[in-house]
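First comes the structure, then the notes that go with it.
As the structure is a computational prediction, the values presented were derived from the model and not from experiment. Lettering of chains follows the sequences in order, A, B, ..., and the numbering in each one begins at 1.
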Number of protein chains: 2
Amino acid sequence: MKISEVSKKYDIPVDTLRYYEKAGLLPNVHKNASGIRDYSESDCSWVEFIKCMRGAGLPVEVLKKYIALFFEGESTLAERKAILVSERQKLVEKRDAIQETIDRLDYKISVYEDKIVKREKELIGNSKNENAS
Amino acid sequence: MKISEVSKKYDIPVDTLRYYEKAGLLPNVHKNASGIRDYSESDCSWVEFIKCMRGAGLPVEVLKKYIALFFEGESTLAERKAILVSERQKLVEKRDAIQETIDRLDYKISVYEDKIVKREKELIGNSKNENAS
DNA sequence: TCTTGACCTGGAGTTTACTCCAGGGTATAA
DNA sequence: TTATACCCTGGAGTAAACTCCAGGTCAAGA
């Protein structure tokens, strides 16, 4: 698969795909004789994984470390798991912080709705007065 | 309240508090004759609000706009509400993306646990063989 | 009076994650 | 065979949100 196809498939700019590779997130993308990338199925799975993780905000550095450990083999299983557990915990905290903010916004929005209705009523009242005077 | 007290109370660096002010998030912090900031109760409420919103990832620019509208008065109620609704929606999407990633990590972590247990068993097996030979 | 610590400003520097660009090679359709 | 579209690299540029620093003011305690 060529880079433009991967880009389209996962909706990631080609520059970003090259950047991820340079950063060490895609260590195994094969290049043909004239230097053009040819993404394998496995490369694509990694792209999809990276997209998901980046979408949740995991740092590129963390993904780089994880992926490097992955390609070191079985001896790194425990360390890889530790990374995932730690990042999972951070995501839970982030999700909860976001949820609290959503709840707070919900409340504020409902207050705004009340205020806006009230103000509209007042404006109608005023315009009636204007017409009457 | 002096800046260092606000900093301690909300766990926000003094430099960040000054930065927020410069960015327009705290338009009303009073300064005494010698130019030293004195945060009012109301300023503190804004600091707390900003901390919550920034913690969920709302951009400084958006907060700046919201706060500017707030100080313009009642005529901006609808516009302010629209900002909150729009940001709320983005947070919901973000929360859901994070939740999906958490779920995915949970699955991966459970797979890792299985693999690690399996590998430990094999290692014990090998060491038994070693002892026997 | 002197020193210490907290405060001030304007502006430069840092970090993260892209994003863009110049300059150049390659393949393929007309 | 020539134009067009796509690919490459290395490196510079950008955006957001801080974070740090130099150089200076000011109040209070020894």
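- Annotation: cation-pi geometry satisfied between A:K115 and A:Y112 (NZ/CZ under 6.0 angstrom from ring centroid, within 45° of ring axis).
- The shortest distance between the side-chain N/O atoms of A:R54 and the OP1/OP2 oxygens of C:dT16 is not below 4.0 Å.
- Comment: B:E5 does not engage B:K8 in a salt bridge, judged by the lack of any side-chain N to carboxylate O separation of less than 4.0 angstrom.
- Of the possible polar contacts, none joining the B:D38 side chain to the B:K31 backbone as a donor-acceptor pair under 3.5 Å is found.
- Between A:N32 and A:Y20, it is A:Y20 whose nearest contact on DNA chain C lies nearer the 5' terminus.
- Side-chain nitrogen and oxygen atoms of A:K31 include at least one within less than 4.0 Å of the OP1 or OP2 phosphate oxygen of D:dT9.
- Closest to the A:P13 side chain, of the nucleotides C:dT19, D:dC6, C:dC18, is C:dT19.
- The listed nucleotides are C:dT9, D:dA17, C:dA17; the one nearest the side chain of A:V60 is C:dA17.
- If you take CG on B:D15 and OH on B:Y19, they are separated by 12.0 Å, rounding to the nearest 0.5 Å.
- Considering only the side chain of B:T16, D:dT19 comes nearest among D:dC8, C:dA27, D:dT19.
- Closest approach to the B:D15 side chain among C:dA17, D:dC7, D:dC21 is made by D:dC21 (side chain taken as heavy atoms from C-beta onward).
- One side chain, A:D103 or A:Q99, offers a donor N or O that lies under 3.5 Å from an acceptor on the other.
- Nucleic acid contact class of B:R18 (heavy atoms, under 4.0 Å, all strands): base.
- OP1 or OP2 of D:dC8 has not a single side-chain nitrogen or oxygen of A:S34 nearer than 4.0 Å.
- At whole-Å resolution of the value, OH in B:Y10 and C1' in D:dC18 are 21 Å apart.
- Nearest-nucleotide assignment on DNA chain D puts the 5′-proximal partner with A:I36, out of A:I36 and B:P59.
- Side-chain N/O atoms of B:K8 include none lying less than 4.0 angstrom from OP1 or OP2 on C:dA6.
- A sub-4.0 Å separation between OP1 or OP2 of C:dT16 and a side-chain N or O of A:Y19 is absent.
- Phosphate contact (OP1/OP2 of C:dC7, side-chain N/O of B:R37, threshold under 4.0 Å): absent.
- One atom, CG of B:L17, and another, P of C:dC7, lie 11 Å apart when rounded to the nearest Å.
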